[in-house]
Amino acid sequence: MIKHTLTQLVHTALGTAQQVGDLPEFDLPVISVERPKDNKLGDYATPVALGLARFARMNPIKIADIITKHMGKPDFLAEISVARPGFINFRLTTDWLTQQVSRIIQAGDDFGKINIGQNKRVQVEFISANPTGPLQFGSGRNAIIGDVLANVFSAVGYDIQREYYMNDTGNQTLLFAQTLRSRYAKSLGKEDRFPFPKDGYPGDYLIEMGQKLADNVGTAYLDLADNESIATFQQEGLNYMVSHLKNEVATMNIHFDNWFSERSLYDDGTYQKIYQYLQEHDQLVKKDGAVWLKGNEDDENYVLVRSDGRPTYLASDIAYMYNKLVTRNFEKAIYILGADHHGYMSRLGTVAQILGLDEERVVIVMYQLVSLERDGKQVRMGKRSEFVPLSKVIEEIGVDATRFMLLTRSSDSQMTLDLSLAVQESSENPVYYVQYGHARIASIFRKAEAEGVSMKNADLSLLTNPSELDLIRHTLRLEEVLEYIALTLSPNHLTTYAQELATVFHRFYHDCRVISDDLALSAARLSLVKATQITLANTLRLMGMSTPEQM
RNA sequence: GCCUCGAUGGCUCAAUGGAUAGAGCAACAGCCUUCUAAGCUGUGGGUUGCAGGUUCGAGUCCUGCUCGAGGUGCCA
């Protein structure tokens, strides 16, 4: 990446300047190379001299001059200039820029990939909603953030595993099984046998599920022994829900590598193992008949085992983390959590400490909740209030628009979706603007083929129009954007980038006719258009969206 | 009470401690005989919630305050 090359050059120049005594001794700082807001200033810039003024006790302009003096003039740079109050600006040569077009075309689907991950194994766990019902719209945000982050981490060189953690044990599962049993009995006309449980799940899907079960097994499950009964309905319900969830996420272009069972942590001895570990490390306290985790701070006590002997979800979380980071030995475990789980954050850190794990291996991406409105009035979401299924929103506005909308905002910002406006807003969704760019390009190539114009043996040096060069600059940013997203865990930048790239392309399309009588120029421009298409397509794919050939 | 997050143009939002705070929508004015007008060009619109502080430089970091969302269970 050219940005890294520049960083390295500045770094070296600073070292040299110190060696020859042009600059006093100080620890070399982290050098930031950025894109200036105004591209008239240059393609890249560094404010490093500004930050050094204090340590060097020199005027930043003077420092900048010294740095540039020792940088020499690499052949990919047309100009290195110093601007007040001490920026160093770099301008790339047109030649270097235009050559990038062929690099992009050669890389094809791989363009944008970089290797900062060094193939380290990283797990992204996301959604992980209780398998007790269809996904709610709020889970969509979790889904998109997790899926796109996983895409980006793959692209920057990590070996990524996507995992869905199924809470298939505990209170909610029990209630779910009881509800299913009651629905099943009812569809056989035996509701008196198993009345609807208190706080049971009201959703219609359970009525359907009960009916299906009755169709499949008849009355066989009515007279199971007490200890078998609930377990059976749990298992049936879980199987049904998981296949349902798989289909549901598949409609959003999401595919998990693994569906991890919480219960398996108890069945395979992981829980017993960590319990023993915690006991040996004096982390457990018995109080009021329950077992508490001491934690590292006073007053940070959490219950691990209830007074009735059943472990809490915290027990599972500890065992699960152990499983991720020790048993399966992932370099890092990324958790995508909604703000309603933010209590987890400190807890997971505590858990890592207790297990003697480097806390940096636990990465938490927290996003603010999505609230829903209808005609400007808030719609309460929750298990027992109005339920807005994700699938319904997707049905109404489409996967691409849904994904894009959920991805645009930064994770930290709360977002509101007005259901009555969703359809209307989706029609002006910027995703279409981006996809239109891709479709336009496809159209250009259809035309080129029809007219026998090809991009073979293109002389890229013919690309000199500012719109053309600007387009090249923007395609090259993809690598930087991906690195930035991986570093900051902020996948929303992909949407901004996609829109900017589309804007620059549409402007180019307006300014420069691609297919013309000038065959040499046509070939060069077709190459540029190809490179743009590759970049747009890769960006859309990273966001999990389609790349239409026509619109 | 304590903890987390937010407040940026009429609306929805962006912005690596850097240069003149940017997009889209909405409003207004232009551009199709030409590869897709789901496009392009232009205009207006801002004391970045309030008050301090740190810094050469703050929308961004720190402190206090106001308003909003969420958390603070032997629920997950």
Side-chain angles (χ1 to χ4, degrees), chain A residues 32-38 41 45-47 50-51 53-54 59-60 83-87 89 128-130 132 167 170-173 175 262 287-292 299 302-314 316-317 338-346 366-369 371 378 383 405 408-416 418 421 425 427-437 439-448 450-451 453 480 484 487-488 490 492-493 495-496 499-500 502-503 505-516 522 525-526 529 550-551:
Chain A
S32 122
V33 170
E34 54 203 44
R35 297 255 180 182
K37 285 203 177 102
D38 185 351
L41 296 166
T46 178
L50 290 163
R54 163 193 282 221
N59 183 321
R84 53 133 212 107
F87 290 97
N89 295 321
S128 297
N130 276 355
T132 51
N167 299 106
N171 281 341
Q172 295 307 315
T173 329
L175 198 54
E262 178 185 7
K287 196 172 75 185
D288 305 330
V291 180
W292 299 65
D299 296 331
Y302 308 110
V303 170
L304 193 76
V305 185
R306 300 179 180 90
S307 46
D308 64 7
R310 289 177 304 134
T312 62
Y313 65 92
L314 176 62
S316 300
D317 284 343
D340 54 338
H341 285 68
H342 105 269
Y344 265 8
M345 287 183 68
S346 59
M366 202 186 78
Y367 62 91
Q368 296 300 308
L369 299 183
S371 57
Q378 184 159 9
K383 287 192 187 71
M405 180 177 62
T408 317
R409 277 93 163 169
S410 96
S411 309
D412 281 339
S413 92
Q414 290 163 216
M415 59 176 291
T416 306
D418 191 317
L421 289 178
E425 275 178 17
S427 63
E428 59 208 28
N429 194 309
V431 69
Y432 299 120
Y433 179 81
V434 177
Q435 290 179 321
Y436 182 56
R440 255 189 166 174
I441 292 173
S443 164
I444 293 173
F445 277 102
R446 283 192 294 272
K447 167 107 173 167
E451 302 201 356
V453 181
E480 293 163 23
Y484 182 69
L487 255 34
T488 55
S490 51
N492 59 303
H493 286 95
T495 62
T496 316
Q499 287 180 77
E500 283 168 2
T503 300
F505 168 71
H506 286 307
R507 196 176 296 145
F508 156 83
Y509 180 89
H510 182 261
D511 292 349
C512 303
R513 187 166 175 88
V514 178
I515 298 165
S516 68
S522 298
R525 285 186 172 162
L526 270 178
V529 166
Q550 277 181 39
M551 285 176 76

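So that the names make sense, note that chain A is the first sequence line, chain B the second, and so on, each numbered from 1.
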Checklist entry - Less than 4.5 Å apart, any side-chain heavy atom of Met551(A) and any of Gln435(A)? => result yes
Checklist entry - Are side-chain heavy atoms of Arg440(A) and Phe505(A) found at a separation under 4.5 Å? => result yes
Next on the checklist: At less than 3.5 Å, do the side-chain atoms of Ser307(A) and the base atoms of rC74(B) form a donor-acceptor pair?
Outcome noted: yes
Checklist entry - For the side chain of His341(A) and the base of rA76(B), is some donor closer than 3.5 Å to an acceptor across the two? => result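 Per atom types, the contact qualifies.
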Measure all distances between protein nitrogen or oxygen atoms and nitrogen or oxygen atoms of nucleotides 39-42 of chain B, and list the pairs falling under 3.5 Å.
{"from": "rG39(B)", "atom 1": "O2'", "to": "Arg440(A)", "atom 2": "NH1", "distance (Å)": "2.9"}
{"from": "rC40(B)", "atom 1": "OP1", "to": "Tyr433(A)", "atom 2": "OH", "distance (Å)": "2.5"}
{"from": "rC40(B)", "atom 1": "O2'", "to": "His510(A)", "atom 2": "ND1", "distance (Å)": "2.9"}
{"from": "rC40(B)", "atom 1": "O2'", "to": "His510(A)", "atom 2": "NE2", "distance (Å)": "3.4"}
{"from": "rU41(B)", "atom 1": "OP1", "to": "Arg507(A)", "atom 2": "NE", "distance (Å)": "2.6"}

Checklist entry - Can Ser316(A) and Glu262(A) be counted as having a side-chain donor-acceptor contact under 3.5 angstrom? => result yes
At 4.0 Å (heavy atoms only), tell me whether [X] reaches a base, stays on the sugar-phosphate, or touches nothing.
X	result
Asn89(A)	base
Arg409(A)	sugar-phosphate
Glu428(A)	sugar-phosphate
Thr495(A)	nothing
Ala442(A)	nothing
Gln550(A)	base
Ala53(A)	nothing
Asn492(A)	sugar-phosphate
Ser413(A)	sugar-phosphate

Side chain to side chain contact (heavy atoms under 4.5 Å, CB included) partners of [X], counting only residues at least two apart:
X	answer
Arg513(A)	Lys447(A)
Glu428(A)	Glu425(A)
Val303(A)	Ala290(A), Trp292(A), Thr312(A)

Please tabulate, one pair per line, each protein N/O and nucleotide N/O from nucleotides 56-59 of chain B that are separated by under 3.5 Å, including the distance.
{"from": "rC56(B)", "atom 1": "OP1", "to": "Arg54(A)", "atom 2": "NH2", "distance (Å)": "3.4"}

Checklist entry - If a stem is a run of at least 3 consecutive Watson-Crick or G-U pairs, both distances under 3.5 Å, which stems include RNA chain B? => result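 Ordered by first number, the stems with RNA chain B (at least 3 consecutive pairs each) read B:1-7 with B:66-72, B:10-13 with B:22-25, B:27-31 with B:39-43, B:49-53 with B:61-65.
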Next on the checklist: Roughly how many Å apart are rU33(B) and rC28(B), using the C1' atom of each and rounding to a whole number?
Outcome noted: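 Looking at atom C1' only, rC28(B) and rU33(B) are 29 Å apart.
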With sequence neighbours excluded, what pairs up with [X] under the side-chain hydrogen bond (donor to acceptor under 3.5 Å, both in side chains) test?
X	result
Asp308(A)	Arg310(A)
Asp412(A)	none
Thr503(A)	Tyr433(A)

Can you name the ring-ring contact (aromatic ring centres under 6.0 Å, His included) partners of [X], sequence neighbours left out?
X	answer
Tyr484(A)	His493(A)
Tyr436(A)	His506(A)
His342(A)	none

